[in-house]
Protein chains: 2
Amino acid sequence: MAEALRLLDSEGISALSMRRLGGQLGSVATAIYWHVANKDELIELVVDEVFGEIEVPVADDPAGWREAAATLARGWRDMILRHPWTVHVLDEVVSSFHGPNSLRLSDEMLGLFEKAGFDLFEADRAGKTLISYVLGIAMSEAAALSRMARDNRSEHEWIKALWPSADEAARDHPRLLALYTAYRDADPAKNREDSFTYGLDRVLDGIEARLPRS
Amino acid sequence: MAEALRLLDSEGISALSMRRLGGQLGSVATAIYWHVANKDELIELVVDEVFGEIEVPVADDPAGWREAAATLARGWRDMILRHPWTVHVLDEVVSSFHGPNSLRLSDEMLGLFEKAGFDLFEADRAGKTLISYVLGIAMSEAAALSRMARDNRSEHEWIKALWPSADEAARDHPRLLALYTAYRDADPAKNREDSFTYGLDRVLDGIEARLPRS
DNA sequence: GCGAGCGTTTGCACACTGTGCGAGTCATTG
DNA sequence: CAATGACTCGCACAGTGTGCAAACGCTCGC
């Protein structure tokens with residue numbers, strides 16, 4: 001699993017073949033099948049492993065829930081950006097929601113929202129809401145980043161190449177054009193950070209508003 | 001593309017091979033390469049096609065923005081659940097954010113949030129927030145549904161099979177256990193709907209709170 | 001010390017994948 | 001009628017996941 005993870009992190013999902021992994025271990029593809037039922041199971045195991053990297057901060061006082069939730073969200077997103085290949089195995093990811101590490105994570109997240117003042121049901125839904133936002137944006141970011149790395153072409157060049165004429169673009173998509181020209185000279189990394197934070201704050205605002213007033 | 005979509009919808013991503021698609025069209029795999037550069041491009045085209053199914057409601061008065069945004073979110077989610085294979089091609093999906101249909105969609109969504117009262121920048125971020133939530137939860141749902149269909153085993157049976165003993169489960173994950181036993185006799189479809197709606201409302205609440213008071 | 005057993009590895013084979021290349025087909029046009 | 005160009009086909013290559021049976025090597029009880 002460690003070797004598989006190394007392969008995935010350094011060269012992406014397409015680098016992980018059973019033959020290659022076997023070779024890297026000084027052995028042969030079919031030898032792996034003694035330890036693991038099939039490739040999917042291998043990936044599930046690796047995915048649960050990377051879930052282990054996320055740590056849930058403990059919020060002692062109820063007031064600290066929001067900061068704790070934000071830290072959790074950031075940790076989750078950072079994990080995905082550290083391992084962008086997770087994007088390509090989303091259904092194994094979902095299956096690994098039943099691995100030991102992600103079970104622990106789910107349970108602790110429930111605890112976090114319970115401590116904030118929700119009952120168990122609403123804690124579950126609040127948690128799902130937060131995680132869905134994080135999953136969605138992190139996967140978009142990861143996919144965009146890896147694609148940008150593959151054919152190194154900035155987002156802005158992408159956009160520009162799409163429109164044969166500026167006039168046409170302005171006619172069809174006036175707002176998109178205005179947005180992208182405004183973004184042209186911005187720092188994409190900072191922009192990505194700010195955008196993530198903005199959404200995170202909105203989601204947490206929405207959740208906070210549901211808390212029983214203390 | 002129509003035949004590819006049919007294949008994808010009825011038998012999932014693994015059914016779409018160039019040989020199979022060629023055969024279905026009364027021809028041969030390599031014939032497809034005249035029309036399309038490679039398989040990825042084919043998928044991008046199909047993905048943009050299904051983006052075309054989503055329609056953006058027009059909100060005439062500013063007060064209608066919330067309902068319009070909710071309709072948009074539901075339409076997007078329904079599209080993903082109608083075509084669950086999109087989960088497995090997330091990076092082609094992200095690439096197709098630059099296809100004509102999704103460009104139109106993005107532009108119209110910007111318009112929706114501008115009409116609500118945001119400036120262009122914040123409209124972009126609000127839209128990203130909403131779409132990230134929808135993407136995240138819909139992809140989780142789609143992956144879980146397709147996995148459940150594959151090895152027809154309910155979510156609850158899944159969970160039960162994980163824990164060798166109830167005592168152990170209760171010790172390690174007390175909240176998860178309580179949650180799942182509470183959910184045992186619930187209708188999963190209704191629960192999924194309610195959960196989606198709950199999160200959607202929280203995200204929209206968070207966005208609404210940022211609107212300049214009118 | 002030795003054979004038995006068992007966990008683990010290996011080689012081989014099968015059916016399948018995406019796709020490059022060159023030759024062939026066919027309808028439309030000058 | 002000939003030729004151009006859109007399109008299709010057959011073949012081949014390198015690669016994939018994985019089933020199966022044979023072989024290996026280590027650790028036991030005798």
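Proteins come first, then strands; the chains are lettered A, B, ... in the order of their sequence lines, and each starts at number 1.
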Which one, [options], comes nearest to the side chain of [X]?
| X | options | value |
| --- | --- | --- |
| A:K39 | D:dC9, D:dG17, C:dT10 | D:dG17 |
| A:S27 | D:dG17, C:dT9, C:dT10 | C:dT10 |
| B:T30 | C:dT9, D:dC11, D:dC7 | D:dC11 |
| B:R19 | C:dT10, D:dG17, D:dC13 | D:dC13 |
| B:Y33 | D:dC9, C:dG11, C:dT19 | C:dT19 |

Ion pair check, B:R104 and B:E55, cut-off under 4.0 Å: no
Presence of salt bridge, A:R175 and B:E108, under 4.0 angstrom: no
Measure the distance from [atom1] on [X] to [atom2] on [N] and round it to the nearest whole Å.
| X | N | atom1 | atom2 | answer |
| --- | --- | --- | --- | --- |
| B:I13 | C:dT17 | CD1 | C1' | 13 Å |
| A:I32 | C:dT10 | CD1 | C1' | 13 Å |
| A:L21 | D:dT16 | CG | P | 12 Å |
| A:H35 | D:dT18 | NE2 | P | 15 Å |
| A:W34 | C:dT9 | CH2 | C1' | 10 Å |
| A:L25 | C:dT10 | CG | P | 10 Å |
| B:M18 | C:dG20 | CE | C1' | 13 Å |

At under 4.0 Å between heavy atoms, what does [X] touch on the DNA or RNA strands: base, sugar-phosphate, or nothing?
| X | value |
| --- | --- |
| A:S17 | sugar-phosphate |
| B:L42 | nothing |
| B:L16 | sugar-phosphate |

Residues B:L200, B:R74; criterion side-chain contact (heavy atoms from CB on, under 4.5 Å); working and verdict: CA-CA 9 Å; B:L200 178 59; B:R74 288 213 126 80; 4.0 Å; yes
CA sep, side-chain torsions, deciding dist, call: B:L135, A:M139, side-chain contact (heavy atoms from CB on, under 4.5 Å): CA-CA 9 Å; B:L135 260 185; A:M139 297 234 150; over 6 Å; no
Polar side-chain atom of B:N101 near backbone of B:F51 as donor-acceptor pair, under 3.5 Å: no
